[in-house]
Amino acid sequence: MSTITVAAVQTSPVFGHVEANLAQALALVPAGCDLAVLPELFATGYQFRDRDEVASFAEDLAPGAARGPVLGALAGHAARTGTTLVAGLVERDGARLFNSAVLVRPDGSHGTYRKAHLFLDEKLLFDAGDLPFPVFAACGTTVGLMICFDWVFPESARSLALGGAKVIAHPCNLVLPWCQEAMVTRCLENAVHAVTANRVGSERRTGSKLVFSGGSQVVAPRGERLARLPATGTGAAVARIDPGAPGTQLTARNDVLADRRPELYRG
Ligand code: ACM
C-alpha cells in the first residue's frame with residue numbers, strides 16, 4: 001500500500017483579476033499534499049464576453065514555449081512545494097482557443113488536456129478539444145484529466161480508467177446541480193478515485209447570471225465521499241488515499257473493466 005494526500009481546492013475568483021485569483025488559489029493548496037486540483041479557468045473567471053476576450057487571457061502551453069503567467073505561477077508553486085498541481089486555464093494554439101487543464105509536476109514538466117465537451121456558451125468561445133483523454137504518471141500514481149461538463153459523458157471517465165488512471169483530476173465551474181452526485185457513480189463504475197474541484201460565487205457579465213455550486217469533493221472507488229466542502233466558501237477537501245486500492249474486482253466473479261462487453265455496445 002502506497003498512500004498519497006490529495007486535495008480539491010475550492011476558490012472564489014473575480015473575473016479578470018488574474019494575479020489575485022492565482023494568489024488566492026495557491027494559498028489554499030494545503031501544505032504537504034501530493035496532488036492538488038484547482039477549478040476550471042481558476043485564474044481568469046468563467047464568463048467571457050467574446051473570443052477576443054478569451055484570446056487576451058490565453059497562454060501557449062506547447063512544451064518549450066515561454067510560460068505564460070498562469071502556467072508560470074503553477075510551475076513555481078509545484079517546484080517550491082513538491083505538490084503536483086492540476087488546474088484549468090485558457091490555451092492558445094495558433095488561432096485556436098481551448099478551455100484546457102494542465103498537470104504540472106514539481107520538476108517543471110507539464111501535460112495538457114483540452115476540454116472535449118463544451119458547455120453552453122463555451123461552444124461560441126472555445127474550440128472543442130482535439131486530444132484523447134490523457135493519463136499522466138505523477139506523484140507516484142497515474143492521474144487522468146477531464147474538465148467539468150465532461151462528467152455528463154460516461155465515456156470520459158471510462159476512457160481515463162481504460163487508459164490506466166487511478167485518480168481522476170476534475171477541475172470544474174459547475175452550475176448544474178447533478179455532477180457531485182454523478183461522480184459517485186463514475187467512481188464506482190470505473191473503480192477510480194475522483195478529485196472534483198469546483199468554484200463558488202457568481203458571474204453576470206453577459207445576459208445570464210451563473211451561480212457556481214461549490215461542493216468540491218474527493219470520492220473513492222466504491223463511491224464513498226472521503227471529503228466534501230459546502231456549496232459556499234473557499235477551502236480544500238483533503239483525503240489520504242491509496243490510489244490502487246481497492247481495484248477493479250467488485251466481487252469474486254465481477255471486474256468492472258475486464259468484464260465489459262464492447263462487442264455488444266453501440267457507439
Ligand atoms: C461547465 O462545464 N463549466 C459547466
Side-chain angles (χ1 to χ4, degrees), residues 8-16 18 21 25 37-51 53-55 57-59 70 86-91 96-103 112-134 144-160 168-187 194-217 219 228-232 234 237:
V9 176
Q10 183 159 300
T11 65
S12 59
V14 177
F15 189 93
V18 172
N21 295 336
V37 182
L38 278 48
E40 178 183 14
L41 297 169
F42 79 103
T44 54
Y46 180 76
Q47 212 174 28
F48 298 90
R49 292 207 168 101
D50 53 36
R51 269 181 77 93
E53 192 172 59
V54 176
F57 291 101
E59 301 189 15
V70 179
V86 173
L89 75 175
V90 184
E91 179 187 3
R96 297 185 303 163
L97 298 167
F98 297 102
N99 180 345
S100 293
V102 284
L103 177 145
T112 302
Y113 166 63
R114 296 169 168 170
K115 188 175 185 179
H117 304 103
L118 298 176
F119 179 69
L120 209 61
D121 290 353
E122 290 175 33
K123 291 194 171 189
L124 310 175
L125 298 166
F126 295 99
D127 295 277
D130 59 349
L131 304 173
F133 286 89
L145 267 56
M146 56 188 244
I147 300 177
C148 205
F149 196 54
D150 285 331
W151 71 267
V152 170
F153 303 87
E155 294 87 349
S156 310
R158 176 51 56 85
S159 298
L160 293 172
I168 292 179
H170 183 206
C172 290
N173 274 192
L174 292 162
V175 293
L176 301 178
W178 306 294
C179 172
Q180 290 89 339
E181 295 303 319
M183 287 308 291
V184 170
T185 303
R186 297 288 169 272
C187 288
V195 184
T196 294
N198 192 19
R199 63 164 288 182
V200 296
S202 64
E203 290 184 16
R204 193 207 293 270
R205 303 190 67 252
T206 63
S208 49
K209 180 178 179 185
L210 296 176
V211 178
F212 302 97
S213 61
S216 297
Q217 63 184 15
V219 182
R228 189 179 193 188
L229 294 179
T232 58
T234 61

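If you're wondering where the values come from, they're calculated on a predicted model, not measured in any experiment. Each ligand, and each atom within it, is numbered from 1 in the order the structure gives. Along the sequence shown, the residues carry numbers beginning at 1.
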Checking Asp127 side chain against Arg96 main chain: does a donor-acceptor pair fall under 3.5 Å?
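A pair under 3.5 Å: no.
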Scan His117, Arg186, His170 and name whichever one has a side-chain contact (heavy atoms from CB on, under 4.5 Å) with Ser156.
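The residue from His117, Arg186, His170 that satisfies side-chain contact (heavy atoms from CB on, under 4.5 Å) with Ser156 turns out to be His117.
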Apply side-chain hydrogen bond (donor to acceptor under 3.5 Å, both in side chains) to Asn21 and Thr11, showing your working.
CA-CA 8 Å; Asn21 295 336; Thr11 65; over 6 Å; no
At less than 4.0 angstrom from any non-hydrogen atom of Glu122, what atoms of ligand 1 do you find?
1 (C), 2 (O), 3 (N)
Can you list the atoms of ligand 1 that are under 4.0 Å from a heavy atom of Tyr46?
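Under 4.0 Å from Tyr46, ligand 1 has these atoms: 3 (N).
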Identify the closest protein heavy atom to [atom]: which residue and atom is it, and at what distance?
atom                   : result
atom 2 (O) of ligand 1 : Lys115 NZ, 2.7 Å
atom 3 (N) of ligand 1 : Glu40 OE1, 3.0 Å
atom 1 (C) of ligand 1 : Cys148 SG, 2.9 Å

Could you tell me whether the side chain of Met146 reaches within less than 4.5 Å of the side chain of Trp151, counting heavy atoms only?
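Result yes, sub-4.5 Å side-chain heavy-atom pair found.
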Non-hydrogen side-chain atoms of Val175 and Phe119 separated by less than 4.5 Å
yes
Have a look at ligand 1 and work out which part of Phe149, if any, has a heavy atom under 4.0 Å from it: side chain, backbone, both or neither.
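Both backbone and side chain.
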Check whether any heavy atom of His117 sits under 4.0 Å from an atom of ligand 1.
no
What class does the angle between the rings of Phe48 and Phe15 fall in, given that below 30° is parallel, 30 to 60° is tilted and above 60° is perpendicular?
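Judged by the thresholds at 30° and 60°, the geometry between Phe48 and Phe15 is perpendicular.
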